[in-house]
Amino acid sequence: MKKMLSTALMAVTVSALALSGCAKKEETKPAASATPATSAAATASAAPSNNSGKDFKIGMVTDIGGVNDKSFNQSAWEGLKALEKQTGVKVKNLESKGDADYTPNLNQFVKDGYNLTWGIGFLMGDALKTVATQNPNAKLAIIDNVVEAPNVESVTFSEQEGSYLVGVVAGLTTKSNKIGFVGGIDIPVIKRFEAGFVAGVKAVNPNAKVQINYTGAFDKPDLGKAAAATIYNDGADVIFHAAGSTGNGVFNEAKDRAKNGKKVWVIGVDKDQSLEFGDEVTLTSMLKRVDTAVVRVSKDIIDNKFQGGKVVTLGLKDDGVGLPETSKKNVTPEILKKVDEFKAKIISGEIKVPEKP
């Protein structure tokens with residue numbers, strides 16, 4: 001919302017993305033294995049840039065979750081920081097406290113002559129479109145939304161595919177047959193998380209019930225804690241969150257219960273959240289390679305390969321989503337074997353994961 005991708009996997013992701021066409025979602029080259037994926041922070045060192053980035057400036061505007069949300073925005077920023085360390089490119093972030101900050105923050109980087117300006121998150125789509133239209137010579141990119149403009153590169157993910165796999169984990173792990181999903185704002189990207197997760201649970205445990213709770217916020221841990229308390233009180237023993245820093249409250253509630261001797265699990269999102277919240281309550285996480293995507297497009301700027309108007313969608317076959325290696329700590333080998341089986345079926349097309357509930 002972990003630290004290194006292997007060189008081979010990064011090379012597959014980068015080469016796949018480089019082959020994407022303009023102005024539409026493209027198919028990318030399949031990864032070779034269906035094993036649980038490793039984490040993607042600090043990926044810059046895996047595929048060095050041809051040119052030094054010391055004369056380049058790249059800016060990143062967060063959505064309302066903030067740069068230290070321990071999830072989505074933080075993953076993007078870690079990718080840029082890794083690229084800075086590798087190439088010498090200057091990177092800077094501006095945090096948005098509300099929707100009204102999006103356009104001024106994006107414009108600030110454009111005004112200051114940054115070579116690339118990132119908008120992180122679906123909610124920034126309209127603002128980024130406006131800024132791109134008003135500044136046709138500027139280069140911009142966005143995560144989780146498609147902005148149709150010749151100077152914008154858009155990156156989206158098949159969140160439903162990775163969420164299906166953690167749904168398999170939840171469905172085979174639960175002892176109560178009661179499972180929860182805590183979402184942030186009810187938008188298409190979060191609905192993909194929900195749809196995939198519920199489908200994965202039902203595929204392996206049709207008797208399980210999934211309780212859905214949308215908090216309406218990505219930056220309110222107290223709402224996440226309250227939602228988790230309600231779901232756990234109803235008997236659930238596993239909750240998957242897709243709620244940005246609001247999801248931190250889900251972890252806080254689980255940790256409070258663990259202190260009182262109650263065994264409950266949380267499935268994290270975007271990053272390997274066991275590294276932040278510990279193995280005692282983190283069952284696994286649905287990794288979303290935001291850092292990898294940010295590094296790839298940013299390198300294109302440095303290497304003079306940026307292609308405005310392009311839309312790239314990353315799924316399981318691209319290693320764009322998946323489970324972290326740390327899943328082995330709390331997920332049994334038998335369940336991980338099932339995860340591999342379902343992953344292979346999704347990649348092959350045998351299973352088509354729904355994007356909507």
Side-chain angles (χ1 to χ4, degrees), residues 1 65 69-72 159-160 162-187 189-274 276-286 288 323 327 330-331 335 354 356-357:
M1 228 131 123
D69 61 357
K70 308 186 190 307
S71 182
F72 186 75
E159 292 89 357
Q160 70 276 9
S163 297
Y164 188 102
L165 297 186
V166 297
V168 169
V169 172
L172 293 175
T173 300
T174 181
K175 298 184 183 305
S176 66
N177 276 348
K178 293 183 178 181
I179 296 167
F181 175 82
V182 174
I185 298 175
D186 189 342
I187 54 177
V189 61
I190 305 303
K191 299 304 282 188
R192 292 198 292 270
F193 279 104
E194 177 195 338
F197 181 64
V198 173
V201 170
K202 295 299 184 181
V204 296
N205 188 350
N207 295 321
K209 295 181 179 180
V210 182
Q211 182 174 342
I212 310 298
N213 189 318
Y214 277 82
T215 62
F218 289 125
D219 59 345
K220 298 289 188 293
D222 56 329
L223 295 182
K225 194 174 192 305
T230 298
I231 294 172
Y232 286 136
N233 286 342
D234 286 343
D237 52 1
V238 182
I239 294 177
F240 175 39
H241 90 87
S245 61
T246 295
N248 297 347
V250 177
F251 280 100
N252 293 337
E253 179 63 24
K255 292 176 78 170
D256 286 348
R257 288 174 183 254
K259 291 176 183 177
N260 294 321
K262 297 178 181 179
K263 189 60 181 176
V264 294
W265 292 112
V266 182
I267 296 175
V269 74
D270 296 334
K271 292 165 58 68
D272 179 357
Q273 294 198 297
S274 70
E276 178 68 33
F277 296 103
D279 298 320
E280 185 180 18
V281 298
T282 309
L283 180 59
T284 184
S285 296
M286 204 297 276
K288 182 172 165 178
L323 275 64
S327 298
N330 287 323
V331 183
I335 294 176
K356 297 179 180 180

Item to complete: Carefully, step by step, assess Lys288 and Glu159 under the rule salt bridge (Lys or Arg N to Asp or Glu O under 4.0 Å).
Response: CA-CA 7 Å; Lys288 182 172 165 178; Glu159 292 89 357; 2.7 Å; yes
Discussion item. Run Ile185 and Ile190 through side chain to side chain contact (heavy atoms under 4.5 Å, CB included) and show every step you take.
Written reply: CA-CA 7 Å; Ile185 298 175; Ile190 305 303; 5.8 Å; no
Item to complete: Apply side chain to side chain contact (heavy atoms under 4.5 Å, CB included) to Val331 and Leu172, showing your working.
Response: CA-CA 10 Å; Val331 183; Leu172 293 175; over 6 Å; no
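Taking Phe277 as the reference, Phe251 meet the ring pair (Phe, Tyr, Trp, His ring centres under 6.0 Å) condition, with sequence neighbours excluded. In this view, Phe240 and Phe181, Phe197 satisfy the ring pair (Phe, Tyr, Trp, His ring centres under 6.0 Å) rule, not counting sequence neighbours. Judged as a side chain to side chain contact (heavy atoms under 4.5 Å, CB included), and not counting sequence neighbours, the contacts of Lys191 are Asp186, Glu194, Tyr214, Pro357. Taking the side chain to side chain contact (heavy atoms under 4.5 Å, CB included) definition, one finds that Asn213 meets it with Thr215, Ala227, Ile231, sequence neighbours left out.
There is no side-chain donor-acceptor pair under 3.5 Å between Arg257 and Asn252. Between Asn205 and Asn177, the side chains place a donor N or O and an acceptor N or O closer than 3.5 Å (distance only, hydrogens not considered).
Taking each heavy atom of Val204 and Val168 in turn, the nearest pair found is CG2-O, 3.7 Å. Listed here is the closest heavy atom pair of Tyr164 and Ala203: OH-CB, 3.1 Å. Across Ala195 and Pro354, no two heavy atoms sit closer than the pair CB-O, 3.6 Å. Nearest heavy-atom pair, Thr282 versus Gln273, reported as atom, atom and distance to 0.1 Å: OG1-O, 4.0 Å. Here the closest non-hydrogen pair linking Ala242 and Phe218 is O-CE2, 4.2 Å. Here the shortest heavy-atom pairing between Val210 and Gly180 reads CG1-C, 4.5 Å.
Crowding of Lys202 atom NZ: a count of heavy atoms from other residues, nucleotides or ligands under 6.0 Å exceeding 12.
Applying the salt bridge (charged side-chain N to carboxylate O under 4.0 Å, His left out) rule to pairs touching residues 204-220 yields nothing, sequence neighbours excluded.
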Only pairs under 3.5 Å count here: list side-chain donor-acceptor contacts from residues 260-267, not counting sequence neighbours, and write none if there are none.
unit_1, atom_1, unit_2, atom_2, d
Asn260, ND2, Asp256, O, 3.3
Lys263, NZ, Glu280, O, 2.8

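For the atom pair Thr173 OG1 and Asn330 CG, the distance stands at 9.0 Å (nearest 0.5 Å). Annotation: the span from Ile179 atom CD1 to Asp237 atom CG amounts to 7.0 Å, rounded to 0.5 Å. Here the CD-CE distance, from Gln160 to Met286, works out to 9.0 Å after rounding to the nearest 0.5 Å.
Judged by distance alone, the side chain of Thr174 and the main-chain N or O of Ala170 form no donor-acceptor pair under 3.5 Å. Checking side-chain atoms of Thr284 against main-chain N and O of Val166 turns up no donor-acceptor pair under 3.5 Å. Of the possible polar contacts, one joining the Ser176 side chain to the Gly235 backbone as a donor-acceptor pair under 3.5 Å is found.
Between Thr230 and Gln211 there is a side-chain heavy-atom pair separated by less than 4.5 Å.
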